[in-house]
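Note sheet for the following structure.
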Amino acid sequence: IFRLRFGLEVSGREYVPQQGSFILASNHVSYLDPPVIGVACPRRLSFLARSSLFRHPLLGAFLRGIHAIPLKREEGDLGAVRAAVLRLHRGEPVAMFPEGGRQLSGRLGEAKRGVGLLADAARVPVIPAVVRGTFEALPPGSRRLARAKIRVAFGPPIPYTTGLASPGRSVRGRHQQLANALTQQWRRMLEQIDG
């Protein structure tokens, strides 16, 4: 459906490990991003999803059916972190949107340090992903899909050890360093897509 309606193009699939666990970390500008990432990725993903979405009867049932992990974004949700680490330890990939929510401007935000915390806790790499065109296809507040070209790109893995080589940095600082590396990789990938 995404190929027919939006001309979905996917690049960088070779960066997605065929087996083993990893965190797929994508930018987030539209409600279309999770399903687009889900169909573009060659592996089945468990998504971290805002806990309030589970309160909607149909959407909540769907999210539980696809094994999404509820996340309370406003607070440090250790239960969600534990659930994600457990899945990662079982060899399952977990997807997240580490900007902390949709970027209503449509512009790229900054990755928050939670992605570094999760990667460090599970000792798995982070696979960066960027989505382009979903903001135009379904902007915030819109109930109708518009015509737009959608592109997804996956990038080279960022090791969970990113930041560990910085002596004197706090644990939070190391986690933020991985998040910063992710943001920089997103920027490079978006330049390639747009160029």
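Note that the numbering runs from 1 along the sequence shown for the chain. Note that the structure is predicted; figures quoted are calculated from it, not measured. What's counted below: heavy atoms across the whole structure, side chains too, no hydrogens, waters or symmetry copies.
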**Study point:** Gln19 atom CD: more than 12 heavy-atom contacts under 6.0 Å
**Key:** no
**Study point:** Gap separating the CD1 atom of Ile66 from the CG atom of Leu45, nearest 0.5 angstrom
**Key:** 9.5 Å
Check your understanding: Between Arg43 and Gly20, is there a donor-acceptor pair closer than 3.5 Å when you use the side chain of the first and the backbone of the second?
Key -> yes
Study note, to complete from the structure: d(Arg132 CZ, Leu190 CG) to nearest 0.5 Å is 4.5 Å
Review point. In this structure, are over 12 heavy atoms from other groups packed under 6.0 Å from Arg107 atom CZ?
Key: no
**Study point:** N/O donor-acceptor pair under 3.5 Å between Ser21 side chain and His89 backbone
**Key:** no
Exercise for review: State whether the number of non-hydrogen atoms from other residues, nucleotides or ligands found under 6.0 Å of Arg3 atom CZ is greater than 12.
Suggested key: no
Review point. Do we see a donor-acceptor contact under 3.5 Å between the side chains of Arg174 and Gln177?
Key: no
**Study point:** Lys NZ or Arg CZ of Arg102 over Phe97 ring: under 6.0 Å, within 45°
**Key:** no
**Study point:** Beyond-backbone contact of Val126 with Thr162, side-chain heavy atoms, under 4.5 angstrom
**Key:** no
Check your understanding: Are the side chain of Lys149 and the backbone N or O of Gly7 linked by a donor-acceptor pair below 3.5 Å?
Key -> yes
**Study point:** Gap separating the CE atom of Met189 from the OG atom of Ser26, nearest 0.5 angstrom
**Key:** 8.5 Å
Point to revise | Check: Ile23 and Leu88 side chains under 4.5 Å, non-hydrogen atoms | key: yes
Review point. With no hydrogens and no angle check, is any side-chain donor or acceptor of Glu99 less than 3.5 Å from a backbone partner on Gly109?
Key: yes
Revision key, fill the gap. Of all heavy-atom pairs linking Leu178 and Pro159, the shortest is CD1-O, 3.5 Å
Check your understanding: When rounded to the nearest 0.5 angstrom, what distance separates OG1 in Thr161 from CZ in Arg123?
Key -> 10.0 Å
Review point. How many angstroms lie between atom CG of Asp33 and atom CZ of Phe135, to the nearest 0.5 angstrom?
Key: 10.5 Å
Check your understanding: Side-chain heavy atoms under 4.5 angstrom apart, residues restricted to Ile, Leu, Val, Met, Phe, Trp, Tyr: same cluster for Val124 and Phe47?
Key -> no
**Study point:** No-hydrogen, no-angle side-chain donor-acceptor test under 3.5 Å, Arg172 and Ser170
**Key:** no
Check your understanding: Are any non-hydrogen side-chain atoms of Pro98 and Leu182 less than 4.5 angstrom apart?
Key -> yes
Review point. Does one hydrophobic cluster hold both Leu48 and Val36, with members joined at side-chain heavy-atom distances below 4.5 Å?
Key: no
Review point. So, do Tyr15 and Pro128 sit near enough that their side-chain heavy atoms are less than 4.5 Å apart?
Key: no
Practice item. Looking only at non-hydrogen atoms, find the nearest pair between Phe154 and Ala129 and report the distance. Key: CD2-CB, 3.8 Å
**Study point:** Side chain proximity check, Thr134 to Phe6, heavy atoms < 4.5 angstrom
**Key:** no
Exercise for review: Could you tell me whether the side chains of Asn180 and Gln176 share a donor-acceptor contact shorter than 3.5 Å?
Suggested key: yes
Review point. Any side-chain heavy atom of Ile127 within less than 4.5 Å of one from Pro157?
Key: yes
Review point. Distance-only, no hydrogens or angles: does the Arg147 side chain make a donor-acceptor pair with backbone N or O of Arg5 under 3.5 Å?
Key: yes
Check your understanding: How far apart are the closest heavy atoms of Ala121 and Val85, and which atoms are they?
Key -> CB-CG2, 3.9 Å
Exercise for review: Look at the side chain of Ser30 and the backbone N and O of Leu138, then say whether any donor-acceptor pair between them is shorter than 3.5 Å.
Suggested key: yes
Point to revise | Shared hydrophobic cluster for Ile69 and Val115 (ILVMFWY, side-chain gaps under 4.5 Å) | key: yes
Review point. Are any non-hydrogen side-chain atoms of Val39 and Val152 less than 4.5 angstrom apart?
Key: no
Check your understanding: When hydrophobic residues are tied together by side-chain contacts of less than 4.5 Å, even through go-betweens, does Ile37 share a cluster with Leu145?
Key -> yes
Point to revise | Asp120 side-chain N/O to Leu117 backbone N/O, donor-acceptor pair under 3.5 Å | key: no
Review point. In terms of hydrophobic clustering (I, L, V, M, F, W, Y; side-chain heavy atoms under 4.5 Å; direct or indirect links), are Leu24 and Tyr160 co-clustered?
Key: no
Check your understanding: So, for Thr183 and Ala111, which heavy atoms are closest and what is the spacing to 0.1 Å?
Key -> OG1-N, 2.9 Å
Practice item. Please check if the side chain of Asn27 supplies one atom and the backbone of Val131 the other of a donor-acceptor pair under 3.5 Å. Key: yes
Practice item. May I ask you to check whether over 12 heavy atoms, not counting those of His67, lie within 6.0 Å of atom NE2? Key: no
**Study point:** Closest non-hydrogen atom pair, Lys112 against Gly100
**Key:** CE-CA, 4.2 Å
Revision key, fill the gap. Rounded to the nearest 0.5 Å, the OH atom of Tyr31 sits from the OG atom of Ser142 at a distance of 11.5 Å
